Amino acid sequence: MNKLPKAIIFDLDGVITDTAEYHFLAWKQLAEELGVTIDREFNEMLKGVSRIESLTRILALNPTLANMSEEEKNRLAAKKNEHYKSYIARLSPKDVLPGVKPLIKKLKKENLKLAIGSASKNAPEVLKRLDLEETFDYVVDAARISKGKPDPETFTNAADYFGVSYEHCIGIEDSAAGIQAINAAGMFSVGIGNAADLFEANYLIDTTAELNYEAIILAYNQS
Ligand SMILES: O=P(O)(O)OC[C@H]1O[C@@H](O)[C@H](O)[C@@H](O)[C@@H]1O
Ligand SMILES: [Mg+2]
């Protein structure tokens, strides 16, 4: 008989809803204001990473921007967040990605603990706009952790809260940094995206529409 996990920890941006796209558009807008161009390939290095670290990576693209004061960096990070907030103002419950709600329903039926593990300070607002505030048993957002992905803390924080061992947890992510964090925690990692970016995932699917409870449990048991 298949062994079941005890907790499932979902990334938010790019897994529950497509706010990963809004983060990209907001960074692209800020970068252009600074005279820097970023593309989707570069954006893979921003996914899952904190706001200030993302900014540092963009500034490093242009040597004349690299030695900016902390004050100026904070001002730019706040500006990016204003761009981002104008995108998420349009979010509504219909923006939950395909496959997510059926999986959550099945996991709840199986009595598994469900958490969000997000690096975003906007996570509470995004969950509210999606009408998912009451859906998860626990939410790890940027306020709860001191070390962001790829450090495992985002995921271990949720497991510790539930009091379950890490090998009994599954993490679901769309970023390379997030998959590394799940693996570093000793959990089973489910990647959503391209093999070129998420080659370290224990189990990989292209899109959330392919999220399937039985397939995930089977892969977890084969690991
Ligand atoms: O700027 P926020 O909303 O606090 O988000 C921090 C990070 O949150 C992560 O979930 C996103 O993948 C990153 O792109 C983002 O930079
Ligand atoms: Mg993500």
Side-chain angles (χ1 to χ4, degrees), residues 8-31 38-60 73-91 95-97 99-100 115-130 132 136 139-155 157-158 170-183 185 187 189-194 197-198 200-201 204-208 211:
I8 312 288
I9 306 157
F10 290 82
D11 175 43
L12 176 65
D13 297 319
V15 170
I16 300 291
T17 186
D18 201 11
T19 36
E21 180 68 11
Y22 296 154
H23 279 294
F24 171 59
L25 294 174
W27 281 126
K28 196 167 147 56
Q29 198 176 334
L30 184 87
I38 61 166
D39 59 17
R40 287 180 186 277
E41 192 186 339
F42 179 80
N43 185 55
E44 290 302 322
M45 285 192 298
L46 306 182
K47 283 186 182 173
V49 175
S50 76
R51 193 182 305 170
I52 209 74
E53 177 58 26
S54 299
L55 176 65
T56 302
R57 291 181 188 190
I58 290 170
L59 297 179
K73 279 174 80 170
N74 289 337
R75 193 187 67 78
L76 292 174
K79 200 170 177 197
K80 181 267 175 177
N81 197 45
E82 288 310 310
H83 296 329
Y84 179 68
K85 277 183 167 287
S86 68
Y87 286 112
I88 62 171
R90 301 174 210 159
L91 272 187
D95 293 309
V96 177
L97 283 167
V100 170
I116 288 287
S118 175
S120 174
K121 292 183 176 150
N122 291 292
E125 183 177 344
V126 169
L127 289 169
K128 189 173 174 199
R129 289 189 177 278
L130 298 174
L132 292 179
F136 296 90
V139 175
V140 183
D141 60 23
R144 284 206 195 265
I145 49 146
S146 57
K147 284 173 272 163
K149 303 166 189 178
D151 188 279
E153 188 184 355
T154 301
F155 294 90
N157 180 288
I170 296 178
I172 308 182
E173 264 287 351
D174 70 321
S175 71
I179 293 292
Q180 286 158 11
I182 297 166
N183 292 347
M187 300 178 182
S189 56
V190 174
I192 301 172
N194 296 321
D197 303 313
L198 306 183
E200 291 166 277
L204 184 67
I205 53 177
D206 280 336
T207 70
T208 57
L211 282 169

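Both ligands and their constituent atoms are indexed starting at 1 by order of listing. The shown structure was predicted, so the numbers you read here are calculated from the model rather than taken from an experiment. For this chain, numbers begin at 1 and follow the sequence in order.
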> With side chains defined as the heavy atoms from C-beta onward, is the minimum distance between Leu12 and Asp141 less than 4.5 Å?
Replying inline: no
>> Within the 4.0 Å heavy-atom shell around Asn122, which atoms of ligand 1 are there?
In response: 2 (P), 3 (O)
> Applying a 4.0 Å heavy-atom criterion (strictly less than), which segment of Leu12 is in contact with ligand 1: side chain, backbone, both, or neither?
Replying inline: neither
> Would you say ligand 1 has an N or O under 3.5 Å from any N or O of Ser120?
Replying inline: yes
> Any idea which N/O/S atom from Asp11 gets closest to the Mg ion (ligand 2)?
Replying inline: OD2
>> To check your reading of the model: name the closest protein heavy atom to atom 13 (C) of ligand 1, its residue, and the distance in Å.
In response: Val49 O, 3.4 Å
> So, do Ile58 and Phe42 sit near enough that their side-chain heavy atoms are less than 4.5 Å apart?
Replying inline: yes
> Which of the N/O/S atoms in Asp13 sits closest to the Mg ion (ligand 2)?
Replying inline: O
>> Checking the side chain of Glu200 only, and the main-chain atoms of Gln180 only, is there a donor and an acceptor separated by less than 3.5 Å?
In response: no
>> Would you compute the distance between atom CG of Leu198 and atom CD1 of Ile192 and round it to the nearest 0.5 angstrom?
In response: 9.0 Å
> For Asp174, what is the atom name of its N, O or S atom nearest to the Mg ion (ligand 2)?
Replying inline: OD1
> Can you list the ligand 1 atoms lying under 4.0 Å from a non-hydrogen atom of Gly48?
Replying inline: 11 (C), 12 (O), 13 (C)
> Are the side chain of Arg57 and the backbone N or O of Met45 linked by a donor-acceptor pair below 3.5 Å?
Replying inline: yes
> Where's the contact between Lys121 and ligand 1, heavy-atom distance under 4.0 Å: side chain, backbone, both or neither?
Replying inline: both
> Taking non-hydrogen atoms only, is Ser54 closer than 4.0 angstrom to ligand 1 via side chain, backbone, both or neither?
Replying inline: side chain
> Numbering the atoms of ligand 1 from 1, which are under 4.0 Å from a heavy atom of Asp13?
Replying inline: 8 (O), 9 (C), 10 (O), 11 (C)
> Between Glu44 and Arg40, is the closest basic N to carboxylate O distance under 4.0 Å?
Replying inline: no
>> Are the side chains of Val139 and Ser118 in contact, using a 4.5 Å heavy-atom criterion?
In response: no
> Phe136 vs Phe10 aromatic rings, parallel, tilted or perpendicular, using cut-offs 30° and 60°?
Replying inline: perpendicular
>> Check Asp197 with Lys47, please: is the shortest side-chain N to carboxylate O separation under 4.0 Å?
In response: no
>> Test your reading of the structure: does Arg51 have an N or O sitting under 3.5 Å from an N or O of ligand 1?
In response: yes
> Got the closest protein heavy atom to atom 6 (C) of ligand 1, with its distance?
Replying inline: Ala119 O, 3.6 Å
